[in-house]
Structure formats: structure tokens, C-alpha cells
Amino acid sequence: MTTSRNIESAAAAFEARYGYAPTGVWSAPGRVNLIGEHTDYNLGFVLPFAINRRTYAAISLRQDQTVRVMSSFSDEQHQIELADISKNAANDWAAYPFGVAWALAKLGQTAGVGFDAYFESDVPVGSGLSSSAAIECSTSLALNELWQTNLSRPELARVGQLAENEIVGAPTGIMDQSASLLGERDHAVFLDCKSLEAQSIELGFDDEGLELLIIDTRVAHRLNDGGYATRRAACELGASQMNAASLREVSIDQLGKAKEIMDDVTFRRVRHIVTENERVLETVEKLRTEGPKSIGALLNASHVSMRDDFEISIDELDTAVDVAIRHGAVGARMTGGGFGGAAIALAPIAKVSEITLAVLAEFELLGYGKPNIFAVTADQGARRDR
Ligand code: ADP
Ligand code: MG
């Protein structure tokens, strides 16, 4: 987390691998979603923020059309010609930078030259903190400058999403890239997934002495057991039963009618989305007027809604949330797609160690695997470091 060390070491590793110095080093952060879960594909609201864990990309353009990428994750070098980038051209991590080059050439309407890149990262992989957006956005910010494509940051978010959808092959939304590109220190990114309009919202965690604890259960997301697809299908069914284009158009007032016309499961899925959108709006309002200590009840209610209505929590996440609240967290909830992954707890810095020890003890008592617990702060989005 000492950035200057990461910057120098990424540049030095680039030079050691490729035999010449990089033109520059760019970095982009991972992100955590404070509130607004499963609302993105229902065209609702989300409130993520960029975290103080980053991926550093040391990059130089080449004279030819070749792209070479390396990462501190492995010694292997991946190479491709720009014109050969397509789905299945790479079935490993190289698909992310390759995909970004492909997507930027497409949206930036330019045929750039090839490049050499070296990546170093302290974003945990697979904890739901979007190491994928970090690698995409560090690459897209660098190439946007080097290729002089001059796309805006919202357009670069779209580049990352396109890379992930078309080349990596993951059907993800635009939240992660938006947070990674638009984040600011001690601010969250309030994103309207319908208009794609983004606003920076001051969190005030710094002034209030709060940190966000990530409690990664290390239970692997089991998104492909059908849980994610069935949730999406239920949301689509609910919207069509309400004659709405999406659940974004359904208000709290209409839930009474929804309850009358829907089966119980569909109704509860719908109620989660509709109330979650409302909670995001209320969180933004409370941050603006009363400050971060006032959002605890909304975080807790979000968790209960995901546990009971959307039914995507697991015992480990429920335990993490309960213990964190009992030991002084302002509020806590599971975050991410569900069926595993991490919980977050907003906590006074003075309570962080007590909460950490209590969660570790409870997990051990219950025979759960050891969670990985660490604090994050809201940090600046993608930038050029040198
Ligand atoms: P998440 O984004 O939640 O961390 P994903 O599965 O979306 O999880 O993305 C993780 C993948 O991104 C890794 O498996 C790897 O392929 C790639 N990745 C992320 N950061 C790096 C990096 N610094 N070097 C190489 N690959 C990376
Ligand atoms: Mg990801």
C-alpha cells in the first residue's frame, strides 16, 4: 500500500523483463460497493467507492503491432498481434489487457501501435474487490493517453466493460469500471445504471474516524450454480408482471399491488430490488445531510433484505454481519453477488481490532474457514503515477 514503492517496483520490473525503461506508470484501484446490490442490471442505483488497493501498469508503446504483457502474478509472457485479438484469443489473465486494447481501438476509432506492459497489484483477487476493473482501467487510462484516443473517463469505463463482455467473456455491468475511474479520496461514486450518470458523494469517513472493514469469508462465489441467473430471471418476470420496462420503474408504493399479483418468491425478489434502490437514495441523502454515522441502519436493512427477500446470503456472511454489529460497527452488510464472498462493516477505527478478533473467534467456534479481514479507505481513481 506504499504507492511510491509500487510505482518504482513496477517500472523496475518492466525494465528487467523488457530491457528498456517504460514510458510511464499508470494505476487504477479496486472497488467496494457500499450499498446497492443486484440493482445494476435492474437499471437502478449503486454506490461503490474506489479503494486504497491498486494495480500498477508500466507501459511503453512499440513501433510494430505486437502486444506483450507480463504480470507479477506469473513469469509467463503473453504476446499477440493487435489484429488477432478476439474472444478465445487468450483464455487467461492476458484477456483483460488484450481486451482493453481491442475495445479502445473500437470505441476510440483508432488503430494504435502495439505496446509492452507489466502489471503489479495489491488488489486481492477474488475477494469481490474487482481486481479485474483495476487491471482494465490502468490499461485503458494508459493507452488512452499513449494512443491519444482522448476518451472521457465514462467512455473508458465503457471500454473496460466491453473488454470484459466481449473478450474476457464475462457478462458484467459498468459499476466496477466507473468506480475505478471516477473515484476520489473519501468519496463514493453514485451511479445511476439507467442514465449512466455518475456523481461524486463525499463519505466523510476521514473526519468521523471511520474505516470500512472487508470481511472476506473466502467462500468461493457459487454464481454458476444458477443462483445468479434465477435472480435475474425473477427480476425480469416481476418487471413484466408490473408492465414495467425494468424494476427501476417500480416504486415502493406499488409493492402492495405487486404482492397481490405475484407468487411469493417473485414478490420478495422484487421487494429487495425496489427497497434497495430506495436505500441507496436514502444513503446518499444521509451522507449529504447527517454524515456517515447515520447510514448504519440502511446498511443493516440492506443485509436483511438480501438475506430474507433476495436469499443470496450464506451463514458465514450472516455471522460476520451480526458479530460486527454487536461489537460496535456503525452498520454491516454482505456485499457483491452473494453465495459467498465478503461482508463489509463500517466501523470507528477504535473498534476495528475488537471487531476483527470477535469475527475470527466466532468463525473458529462455528468451524468456518478462517476469513481474511482488512480495512480499506476511499481513494483516488485511476491516474498516471509517473
Ligand atoms: P475480481 O474482479 O472480483 O477480483 P475477477 O474474476 O473478475 O475477480 O477477476 C480476477 C482476474 O483478473 C484474475 O483471475 C486475473 O485473471 C485477472 N487479474 C487481476 N489483476 C491482475 C494482475 N495484476 N495481473 C494479472 N491478472 C490479473
Ligand atoms: Mg471482476
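Counting starts at 1 for both ligands and their atoms, in listed order.
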Quiz item: Does the side chain of D318 pick up a donor-acceptor pair with the side chain of S313 at under 3.5 Å?
Solution: yes
Quiz item: Is the Mg ion (ligand 2) less than 2.8 Å from an N/O/S atom of T172, whether that atom is in the backbone or a side chain?
Solution: no
Based purely on interatomic distance, does [X] place a nitrogen or oxygen under 3.5 Å from a nitrogen or oxygen of ligand 1?
X    : result
S131 : yes
S132 : yes
S71  : yes

Note the single closest protein heavy atom to [atom], along with its residue, its atom name and the distance in Å.
atom                    : value
atom 3 (O) of ligand 1  : S130 N, 3.6 Å
atom 26 (N) of ligand 1 : W93 CB, 3.2 Å
atom 6 (O) of ligand 1  : Y96 OH, 4.2 Å
atom 27 (C) of ligand 1 : F73 CE2, 3.6 Å
atom 13 (C) of ligand 1 : V125 CG1, 3.8 Å

Quiz item: Does Q254 CD have over 12 foreign heavy atoms under 6.0 Å away?
Solution: yes
Quiz item: What do you reckon, is CG of D64 surrounded by more than 12 foreign heavy atoms closer than 6.0 Å?
Solution: yes
Of all the atoms in ligand 1, which lie at a distance below 4.0 Å from a heavy atom belonging to [X]?
X    : result
G128 : 3 (O)
G126 : 4 (O)
S121 : 23 (N)

Practice problem: Please confirm whether the backbone N or O of R269 pairs with a side-chain atom of R231, one donor and one acceptor, at under 3.5 Å? | Solution: no
Quiz item: Can you tell me how far CZ of F45 sits from CZ of R248, rounded to the nearest 0.5 angstrom?
Solution: 3.5 Å
Quiz item: From E311 CD over to R268 CZ, what is the distance, rounded to the nearest 0.5 angstrom?
Solution: 4.5 Å
Self-check item: Residues D122, R53: salt bridge by 4.0 Å N-O rule
Solution: no
Practice problem: For the residue pair Y18 and F14, categorise the inter-ring angle as parallel (less than 30°), tilted (30 to 60°) or perpendicular (more than 60°). | Solution: tilted
